[in-house]
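Following: one structure in structure tokens, then a few remarks.
Residue numbers start from 1 in every chain, and the chains themselves are labelled A, B, ... in the order their sequence lines are given, proteins ahead of strands.
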Amino acid sequence: MTLRVLYFAWVRERIGIPDEEIETTAATVRAFLGELAEREERYHRVFANPEALRVAVDQRLCDLDSPLADASEIAIFPPMTGG
Amino acid sequence: MTLRVLYFAWVRERIGIPDEEIETTAATVRAFLGELAEREERYHRVFANPEALRVAVDQRLCDLDSPLADASEIAIFPPMTGG
Amino acid sequence: MEIRITSDPIDPAAELAALSGVHKAAGAVVSFCGQVRSDESAPITTLEIEHYPGMTETAIAAIVAEAEARWDLLAGRVIHRHGQLSPGETIVFVATVAAHRHAALHAADFIMDYLKTRAPFWKKEHGPEGGHWVGSRTEDEAAARRWSDDS
Amino acid sequence: MEIRITSDPIDPAAELAALSGVHKAAGAVVSFCGQVRSDESAPITTLEIEHYPGMTETAIAAIVAEAEARWDLLAGRVIHRHGQLSPGETIVFVATVAAHRHAALHAADFIMDYLKTRAPFWKKEHGPEGGHWVGSRTEDEAAARRWSDDS
């Protein structure tokens with residue numbers, strides 16, 4: 001499937017783009033982050049430690065072990081610091 | 001000693017005056033309220049049940065068993081309902 | 001902290017404006033307004049607030065001093081009406097300014113609990129069926145006790 | 001409750017004025033303003049706030065819905081800035097209106113804890129020594145967990 005992938009805050013800065021489309025067969029969020037870490041070096045540096053990141057699938061916060069299922073959009077970012 | 005005695009809220013309304021001077025030898029707040037209850041009927045109705053009242057001696061909240069000592073002003077009122 | 005006991009109307013927006021964006025180290029500004037309710041089940045035309053001039057100022061100053069001892073506050077304000085109030089009018093305005101949000105929130109909560117039970121004010125509600133003195137609520141006494149149980 | 005996500009300045013006094021004295025059954029109006037701090041030890045020139053358009057609205061609506069399920073609220077407002085802010089400016093404004101004061105105070109406290117940890121905003125501080133992303137605070141995570149432990 002094709003996922004729209006969004007990056008925010010320092011994840012966006014380190015990857016260098018705010019969003020992109022990525023083809024994947026990953027079954028879970030964790031598996032997808034593992035695929036990203038295999039790409040170029042700058043991806044590896046960001047995604048090698050997924051516990052430091054937060055993920056929203058189709059705009060809902062979810063765990064690393066959540067299924068990707070029929071997702072169309074995944075956003076990856078640091079812990080939120082609003083308020 | 002001579003005490004300036006102040007009444008507030010329904011205590012004031014039932015006694016009928018906001019303040020008066022009263023001569024007493026009472027050693028504690030409770031003893032003084034007992035003396036008041038011995039006066040006219042309207043005093044008796046208000047002071048017979050001192051647990052329902054609150055007392056400030058020289059503008060500080062105190063217990064029924066607090067000493068009157070060198071007090072000059074005593075205020076008697078229902079539980080407060082500010083805020 | 002500034003303390004005022006007044007028979008003049010309180011303007012919560014103006015009071016908040018005077019505290020917002022003023023203190024450089026302030027990360028949080030909390031305001032609490034208590035206002036005269038008028039439920040359909042118990043309509044009131046006027047709320048009368050009696051107080052004990054002299055003691056009121058001392059009692060509120062003691063409450064504020066205790067809040068300042070418990071939390072790091074940069075500024076604040078406690079304003080309490082007395083006299084005759086109409087439904088919707090503000091009875092009490094409490095504001096707290098702090099570097100961190102929990103200090104500001106907890107201090108405002110504490111000041112309100114103590115004002116309810118330790119400051120010499122009494123409320124009398126006047127409505128179509130006459131006037132009656134508002135009774136103290138056991139919940140208010142319990143709320144005030146929270147702060148001594150965990151200190 | 002009204003929710004706004006905006007790059008325009010927030011005027012806390014005007015927001016509070018719109019909620020004060022409006023609801024007949026309201027006994028309490030609480031407001032919380034979070035504002036940009038600038039300590040002498042860590043001076044900042046600009047606070048930049050990034051957010052996730054689309055998800056931000058949904059996340060805040062979910063937080064507000066949970067507050068409304070937990071407490072009887074008559075009205076309220078959550079306004080959050082994004083973009084470039086200067087020291088002293090208001091980042092977030094939360095107001096709650098309720099019949100009783102603890103509902104209003106606790107709901108505001110809850111909404112702030114959840115906004116800090118569950119709404120997709122990120123802060124970057126810019127100062128004389130460059131810019132850096134603000135790290136999340138473990139105290140904020142712990143504060144947000146308070147509300148699930150006792151439910």
[options]: which one forms the most heavy-atom pairs within less than 4.5 Å of chain C?
options	answer
Thr96(D), Val97(D), Asp140(D)	Asp140(D)
Ala143(D), Ser31(D), Gly34(D)	Ser31(D)
Val92(D), Val30(D), Val36(D), Ile91(D)	Val30(D)

Exercise for review: Check ring pair (Phe, Tyr, Trp, His ring centres under 6.0 Å) between His132(D) and all other residues, then give those that pass, not counting sequence neighbours.
Suggested key: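 Applying ring pair (Phe, Tyr, Trp, His ring centres under 6.0 Å) to His132(D) gives none.
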Check your understanding: For chain D, which residues from residues 4-13 of chain C lie under 4.5 Å away (heavy-atom distances)?
Key ->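 Heavy-atom contacts from residues 4-13 of chain C to chain D are Pro12(C), Ala13(C).
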Check your understanding: Which of residues 16-28 of chain C get closer than 4.5 angstrom to chain D, counting heavy atoms alone?
Key ->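 Residues Leu16(C), Ala17(C), Ser20(C), Gly21(C), His23(C), Lys24(C), Ala25(C), Ala26(C), Gly27(C), Ala28(C) are the ones that qualify, each having a heavy atom under 4.5 Å from chain D.
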Check your understanding: Heavy-atom distance under 4.5 Å to chain C: side chain of Ala95(D), backbone, both or neither?
Key ->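 Looking at Ala95(D), nothing touches chain C.
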Review point. By a 4.5 Å heavy-atom criterion (distance strictly below it), what part of Gln35(D) contacts chain C: side chain, backbone, both, or neither?
Key: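 The answer is both parts of Gln35(D).
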Review point. Between Met112(C) and His102(D), is any pair of side-chain heavy atoms under 4.5 Å apart?
Key: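 They are not in side-chain contact.
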Point to revise | Sorted by number, residues from residues 58-69 of chain D in contact with chain C (heavy atoms, under 4.5 Å) | key: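 Residues of residues 58-69 of chain D touching chain C at under 4.5 Å: none.
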Check your understanding: Looking at Glu89(C), Glu15(C), His106(C), Lys116(C), which one has more heavy-atom pairs under 4.5 Å with chain D than the rest?
Key ->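 Maximum pair count with chain D is reached by Lys116(C).
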Exercise for review: Using a strict cut-off of less than 4.0 Å between a Lys/Arg side-chain nitrogen and an Asp/Glu carboxylate oxygen, indicate whether Asp113(D) and Arg101(C) qualify as a salt bridge.
Suggested key: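 Salt bridge between Asp113(D) and Arg101(C), a charged N being under 4.0 Å from a carboxylate O: yes.
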